[in-house]
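Here's the structure, in structure tokens; my notes come after.
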Amino acid sequence: MLGLMQSQQLLISSLIEFAERHHGEAEVVSRRVEGDIHRYTYKGVAQRSRQVANALDGMNLAFSDRVATLAWNGYRHLELYFGVSGTGRVLHTLNPRLHPDQIVWIANHAEDQVLCFDMSFLPIVKAVHSRCTTIKHFVALCDADKLPPDTGIPGLLSYEAWIGSHPSEYKWPEFDENSASSMCYTSGTTGNPKAALYSHRSTMIHALAGALPDALSMSARDCVLPVVPMFHVNAWGLPYSAAMTGAKLVFPGPAMDGKSIFELIESERVSFAAGVPTVWQMMLAHMQSGKLRFSTLKRTVIGGSACPPAMITAFNDDYGVEVLHAWGMTEMSPLGTVCTLKNKHLEMESAEKMKVRLKQGRGVFGVDMKIVGDEGEELPWDGKAYGDLLVKGPWVISAYFKGEGGSPLVDGWFPTGDVATIDPDGYMQITDRSKDVIKSGGEWISSIDVENVAMAHPAVAMAACIGMKHPKWDERPVIAVVKKPGSEVTREELIAFYEGKTAKWQIPDDVIFVEAIPLGGTGKMQKVKLREMLQDYKLPGV
């Protein structure tokens, strides 16, 4: 017997329709590439998204054709989020931090038909457009009078002229909710980048789960600042959850420095912000130097890479901001776990509570996890056993676009490439990437643990731990360190700092001071490049 419920497809267009109808007055505020502040409401987003839809139809694009963006977080990018997917086309967010050759490869592999880009990326587009063989239309996200007279890009349109010639009335089409809605390429896999192809159904369920109180807890009472880029796994789904809940949205545009982010939080009364640790490091440094305080910020979700304990302490203890440690990946849309506390943790001493907060958290509804050993056997959730982390769920990929790399699944589970433990309460903690874990004398050393100790030193701005070959111990850890401006620390002082904080055999053999640690397009440390930088390095005494 089937249930007697109405059948309605889960489509992204319904999000902006809902936001317009029930939260039409809620603000969307953007710092533009031009430097000024733009503000309007969800009603305006909905109207202009319909103009985007009409403009795309006018280009005679086929259903599921890819429309690429090369853009910062801003209102025009948000309109494309809804206007592209709502018509049945596929939004493809390109990462402008990639090398131009990679952008060309990805655009051609995706078979993008249209590229919409912010003017700050005009030099990139001028360098790649002739090699992007499938792109037929180029649209600059600007006013008509801001379009340079001679860009060398044939047929270049301004966004405002493009959508301005079309009406704001549009009937969103109905189609299968399993149709593709957007795609993101990941550089975390071996070989060429591979694309995760999200569906309307997966995106909608992900947005629902992300807004839950024990996840990101988003509501119409929130003012949300996604510092995480909209080209990085759809800004962790925040634009969708914000429309679903009617939360005010604030976009930082290209100004990602600590001073600009802090000023935007204060001027727009942001209550919830999201970003990677490197962004928050810059902001906290700015606040500490100026003895500044938050007046409205209540919580921040930190993901992309492990959050150092010193950062959690600074937010929680110094500024009264709750840190939600989170974990996920492109192949997971990206939300996997969020470290929200249970009732039993609330009365704990701060040191014990910190041990929980340092974990990546417990699974959001919809995500199932397990850890397995070398033979594929499932390991216990005791907080001690660690193994390869596998996941499954309605917003986890089943295959990569165009079948690249064959099936990634193992008996229906997606192998994340992370090594982790899971405690009896279901809290997962990443101990390493499987390719970064250090094996010394038959014992495993977590590079993240080694990095966290270094990051707690007041003179350390950034630290990355890698394993170096050793004739006796197989590998030994060394720590590459970037010092804070104006601060000094010696190799001997930093190694001594580890005493009593970790087992003696886990203390790094050496400290290497560097000007900068290479970061990827999403702010993650690139340890492969770090190893290349240190290819001539020899361990002391070896």
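Excluded from the calculations below are hydrogen atoms, water molecules and symmetry mates; all remaining heavy atoms, backbone and side chain alike, are included.
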Note: [X]-[Y] ion pair, threshold 4.0 Å (strictly below):
{"X": "D36", "Y": "R31", "answer": "no"}
{"X": "K402", "Y": "E404", "answer": "no"}
{"X": "R50", "Y": "E17", "answer": "no"}
{"X": "R299", "Y": "E322", "answer": "no"}
{"X": "E160", "Y": "K146", "answer": "no"}
{"X": "K259", "Y": "E263", "answer": "yes"}
{"X": "E25", "Y": "K248", "answer": "no"}
{"X": "D101", "Y": "R131", "answer": "yes"}
{"X": "D222", "Y": "R269", "answer": "no"}

Assess the pair [X] and [Y]: is the distance between their ring centroids shorter than 6.0 Å?
{"X": "F251", "Y": "W72", "answer": "no"}
{"X": "Y42", "Y": "H22", "answer": "no"}
{"X": "Y240", "Y": "Y81", "answer": "yes"}

Pairwise distance [atom1]([X]) to [atom2]([Y]) - rounded to 0.5 angstrom:
{"X": "T133", "Y": "N108", "atom1": "OG1", "atom2": "CG", "result": "4.0 Å"}
{"X": "M428", "Y": "T337", "atom1": "CE", "atom2": "OG1", "result": "4.0 Å"}
{"X": "N95", "Y": "I103", "atom1": "CG", "atom2": "CD1", "result": "7.5 Å"}
{"X": "L208", "Y": "L15", "atom1": "CG", "atom2": "CG", "result": "8.5 Å"}
{"X": "C116", "Y": "I163", "atom1": "SG", "atom2": "CD1", "result": "10.0 Å"}
{"X": "T245", "Y": "H23", "atom1": "OG1", "atom2": "NE2", "result": "7.0 Å"}

Do [X] and [Y] touch side chain to side chain, with heavy atoms closer than 4.5 Å?
{"X": "M311", "Y": "P308", "answer": "yes"}
{"X": "N73", "Y": "P229", "answer": "yes"}
{"X": "P334", "Y": "H206", "answer": "yes"}
{"X": "M462", "Y": "T278", "answer": "yes"}
{"X": "V139", "Y": "L115", "answer": "no"}

In terms of side-chain heavy atoms, does [X] have a donor or acceptor partner in [Y] at a distance below 3.5 Å?
{"X": "E331", "Y": "Y400", "value": "yes"}
{"X": "T340", "Y": "R362", "value": "yes"}
{"X": "D418", "Y": "W327", "value": "yes"}
{"X": "S295", "Y": "E266", "value": "yes"}
{"X": "S179", "Y": "D176", "value": "no"}
{"X": "R32", "Y": "Y75", "value": "yes"}
{"X": "R89", "Y": "T87", "value": "yes"}
{"X": "S158", "Y": "D143", "value": "no"}
{"X": "Y170", "Y": "Q51", "value": "no"}

Which heavy atom of [X] sits nearest to which heavy atom of [Y], and what is that distance?
{"X": "V301", "Y": "A326", "result": "CG2-CB, 3.6 Å"}
{"X": "P148", "Y": "L122", "result": "CG-CD2, 4.0 Å"}
{"X": "V482", "Y": "A516", "result": "CG2-CA, 3.8 Å"}
{"X": "A207", "Y": "S241", "result": "O-OG, 2.9 Å"}
{"X": "L530", "Y": "A464", "result": "CD2-CB, 3.7 Å"}

- Query: With a cut-off of 6.0 Å (strictly less than), are more than 12 heavy atoms of other residues, nucleotides or ligands near OH of Y319?
  - Reply: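 Buried by this count: over 12 neighbours within 6.0 Å.
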
- Query: Taking everything shown except R21 itself, do over 12 heavy atoms lie less than 6.0 Å from its CZ?
  - Reply: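 At most 12 heavy atoms, drawn from other residues, nucleotides or ligands, come within 6.0 Å of this atom.
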
- When you look at K43 and E20, which way does the salt bridge (Lys or Arg N to Asp or Glu O under 4.0 Å) test go after all the steps? CA-CA 5 Å; K43 183 177 181 180; E20 179 183 30; over 6 Å; no

Do side-chain atoms of [X] reach the backbone of [Y] as a donor and acceptor pair under 3.5 angstrom?
{"X": "H325", "Y": "C307", "result": "yes"}
{"X": "S165", "Y": "W162", "result": "yes"}
{"X": "Y198", "Y": "I397", "result": "no"}
{"X": "W172", "Y": "A53", "result": "no"}
{"X": "Q9", "Y": "E177", "result": "yes"}
{"X": "D118", "Y": "L70", "result": "no"}
{"X": "S85", "Y": "F82", "result": "no"}
{"X": "H200", "Y": "L10", "result": "no"}
{"X": "R66", "Y": "A110", "result": "yes"}
{"X": "T296", "Y": "V270", "result": "yes"}

- Query: Where does the angle between the aromatic ring planes of W236 and H232 fall among parallel (under 30°), tilted (30 to 60°) and perpendicular (over 60°)?
  - Reply: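 It falls in the perpendicular class, over 60°.
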
- Test log, rule side-chain contact (heavy atoms from CB on, under 4.5 Å), inputs L519 and M525: CA-CA 5 Å; L519 301 177; M525 293 185 290; 3.9 Å; yes

- Would F231 and H77 satisfy ring-ring contact (aromatic ring centres under 6.0 Å, His included), going step by step from the backbone distance to the final call? CA-CA 10 Å; F231 55 76; H77 206 173; 7.9 Å; no

- Dump the intermediate steps for side-chain contact (heavy atoms from CB on, under 4.5 Å) on M59 and V114, then the final yes or no. CA-CA 9 Å; M59 287 178 167; V114 183; 3.9 Å; yes

- Test side-chain contact (heavy atoms from CB on, under 4.5 Å) on H38 and V29 and set out the steps. CA-CA 6 Å; H38 175 277; V29 180; over 6 Å; no

- Show your reasoning for whether side-chain contact (heavy atoms from CB on, under 4.5 Å) applies to T93 and C184. CA-CA 6 Å; T93 52; C184 293; 3.5 Å; yes

- Verify side-chain hydrogen bond (donor to acceptor under 3.5 Å, both in side chains) between Y185 and H92, making sure each step is shown before the conclusion. CA-CA 9 Å; Y185 278 74; H92 174 206; 5.4 Å; no

